[in-house]
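Position 1 is the first residue of the sequence; numbering continues from there.
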Amino acid sequence: MNRRGVKGNAIAIKKGSIIMKKTFKLIDLDCANCAAKMEDAIKKLPGVTGATVSFLTQKMTVEAEDVDAVMKDVVKCCKKVEPDCEIVL
C-alpha cells in the first residue's frame with residue numbers, strides 16, 4: 001500500500017475486457033450496515049463490475065474497466081449513504 005492509502009493496481013481479464021481493481025482506505029465508516037449499503041450502491045453504478053466494502057478493515061475495493069473514471073460517482077454514492085465517511089484517494 002502506498003502512503004495515500006491506495007493499494008496497488010491489479011489487472012484481470014474478464015470476458016474479453018481488461019478490468020482494473022483498486023483498494024482504497026476508508027476513514028470514519030461507522031457501521032457494517034452502512035458498508036453493505038455502500039457496496040450495493042457502488043455495484044449498481046455504470047462502469048463498475050464489482051465492489052467490496054469492509055467495515056472491519058475500513059477498506060473498499062472497486063473493480064471497473066477504468067476505476068479512475070468511476071471514482072467521482074463512487075464518492076458521491078458513498079456520501080449519500082455515509083456523509084462522514086472519507087475515501088482516501
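Note that the CE atom of Met20 and the CD atom of Glu65 stand 11.0 Å from one another [nearest 0.5 Å]. Put simply, SG on Cys34 and CD on Glu82 are 4.5 Å apart, with the number rounded to the nearest 0.5 Å. In this structure, the separation between NZ on Lys59 and OG1 on Thr23 is 7.5 Å, given to the nearest 0.5 Å.
Checked against side-chain contact (heavy atoms from CB on, under 4.5 Å), Glu39 has the following partners two or more places apart in sequence or in another chain: Lys43, Thr52, Val53. In this structure Ala41 satisfies the side-chain contact (heavy atoms from CB on, under 4.5 Å) test together with Cys77, sequence neighbours excluded. A search for side-chain contact (heavy atoms from CB on, under 4.5 Å) contacts involving Asp68 returns Lys22, Asp66, not counting sequence neighbours.
The neighbour count for Lys79 NZ, taken as heavy atoms of other residues, nucleotides or ligands under 6.0 Å away, is above 12.
Taking both residues in full, the closest heavy atoms of Val48 and Ala64 are given as CA-CB, 4.1 Å, listed atom of the first, atom of the second, then distance.
Residues Ile42 and Met60 are in side-chain contact: their nearest non-hydrogen atoms beyond the backbone lie under 4.5 Å apart. At a threshold of 4.5 Å between non-hydrogen side-chain atoms, the residues Met71 and Leu89 count as touching. Contact annotation: the side chain of Val62 never approaches that of Lys21 to less than 4.5 Å [non-hydrogen atoms, C-beta and beyond]. Side-chain contact between Lys25 and Gln58 is absent, with no heavy atoms from C-beta onward closer than 4.5 Å. Contact check for Ile87 versus Phe24: side-chain heavy atoms found under the 4.5 Å cut-off. Cys78 is not listed as a side-chain neighbour of Glu86, based on a closest heavy-atom distance of 4.5 Å or more.
In summary, of the residues considered (Leu26, Asn33, Asp30, Leu29), a side chain to side chain contact (heavy atoms under 4.5 Å, CB included) with Phe55 occurs for Leu29 alone.
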When you look at Leu45 and Val70, which way does the side-chain contact (heavy atoms from CB on, under 4.5 Å) test go after all the steps? CA-CA 8 Å; Leu45 291 173; Val70 299; 5.9 Å; no

